[in-house]
Number of protein chains: 2
Amino acid sequence: MGKAMTANGFQIGKPSSLPADELSRELLRLLAADPRRNASELARDLGVSAPTVRDRVRRLEEAGVIRGYRLDVDPAALGLPVAAWVRLRPGPGQMSRITELAERTPEVSECHRISGEDCFLIKVHVAELAALEGVLDRFLVHGQTTSSLIVSTPVPPRPLLP
Amino acid sequence: MGKAMTANGFQIGKPSSLPADELSRELLRLLAADPRRNASELARDLGVSAPTVRDRVRRLEEAGVIRGYRLDVDPAALGLPVAAWVRLRPGPGQMSRITELAERTPEVSECHRISGEDCFLIKVHVAELAALEGVLDRFLVHGQTTSSLIVSTPVPPRPLLP
DNA sequence: CATGAAACTGGCGTGAT
DNA sequence: ATCACGCCAGTTTCATG
């Protein structure tokens, strides 16, 4: 059950060899452009049958290449137009506290453990600037914070399929 | 053509009033859990008809509440197991250069303009640690960089629907 | 390739403004 | 009277074995 290769012979995690079977790669590219396209349509574009496409997708899912499908909702439409990246430097023995707090804080949409002087990077969404204070206060109990408001997002999250 | 309200009376960007019609909110919650569920199934769970679900989804898309649907692919499976957050402090007059460079650099999966001492935060994916050097070099032409390797992601990107 | 299910479309009823 | 919203029933298309 190695992670380097799937049951179908896809080579993954090996940059020097072909990173994935060519058909799967093209399939992933099409799905990245629109994850809701149905199998028949994809089959036409790829020059294979629809069942082949469905099998490929299922295998890519089972192999963990496709981790999932996400709905991208505008936070502003949910009443949370202000976003910030916050770096956290936990006090001694506060590491696990931080991850637990991030996990159960609804304003936190992601949390990364990083190297460097700060140990965590979290993304926070609030209704107005003043509401950031309350969130920061909760984390300040366990360490220092450095906040950066997100002014714009010139490159929104995009697929890594060049 | 204001942004505060859609043609259908959905109130958006107004935290104090209900952020969206209750049916839409529940629909968004179900879609966030699994964006690929079909309309018929959603209709059963919501107690409405399938065409109603489709209409709601279409309207939420047109209103920009649903920005899109994303495929979540494991970068490691594409041969890019190493990820880092890099803060960028551009030199004088280099702001637009940075966004353009981020846009056309395939290793960059997202780029945010932020407040604070650094002006940008970008996410970079590479095959091995050594490959980060090449990417940094390209940005160092336009300013200073501060890199943090992503060691783990305790809270992966998640929906903001408490 | 056949069958059952789901997606789309146009038209109608209802309730609020 | 109008408009927004949801439902129904037609046909076409797709998924699944």
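Labels below follow one simple rule: chain letters A, B, ... track the order of the sequence lines, proteins then strands, and each chain is numbered from 1.
At dA7(C), one or more side-chain N or O atoms of S40(B) fall inside 4.0 Å of OP1 or OP2 (strictly under the cut-off). R44(A) has a side-chain polar atom (N or O) that falls below the 4.0 Å cut-off from OP1 or OP2 of dC14(D). Within the 4.0 Å cut-off from OP1 or OP2 of dG6(D), at least one side-chain nitrogen or oxygen of R59(B) is found.
Residue R113(A) places its CZ atom among more than 12 non-hydrogen atoms of other residues, nucleotides or ligands, all under 6.0 Å distant.
Atoms CG (D55(B)) and P (dC7(D)) sit 10 Å apart, rounded to a whole Å. Atom CG in N38(B) sits roughly 12 Å away from atom P in dA5(C) (whole-Å rounding). Counting to the nearest Å, the P atom of dA6(C) and the CZ atom of R36(A) are 17 Å from each other. Rounded to a whole Å, the CZ atom of R58(B) is 12 Å from the C1' atom of dT9(C). Distance R37(A) CZ to dA7(C) C1': 16 Å, rounded to the nearest Å. Atom CD in E41(A) sits roughly 16 Å away from atom C1' in dA6(C) (whole-Å rounding). L42(B) has its CG atom 14 Å from the P atom of dG6(D), to the nearest Å.
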Step by step, work out the salt bridge (Lys or Arg N to Asp or Glu O under 4.0 Å) result for E117(B) and R89(B).
CA-CA 7 Å; E117(B) 296 195 353; R89(B) 190 180 315 195; 3.5 Å; yes

For R87(A) and R87(B), what are the C-alpha separation, side-chain angles and deciding distance, and is it a side-chain contact (heavy atoms from CB on, under 4.5 Å)?
CA-CA 12 Å; R87(A) 304 202 303 276; R87(B) 304 201 306 271; 3.3 Å; yes

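At least one donor-acceptor pair under 3.5 Å links the side chain of S115(A) to the backbone N or O of L149(B).
The side chain of T52(B) lies closest to dC7(D) when the candidates are dC7(D), dC14(D), dA6(C). Closest to the side chain of A39(A), out of dC7(D), dA15(D), dC14(D), is dA15(D). For R54(B), the listed nucleotide lying nearest its side chain is dC8(C); candidates were dG6(D), dC8(C), dA6(C).
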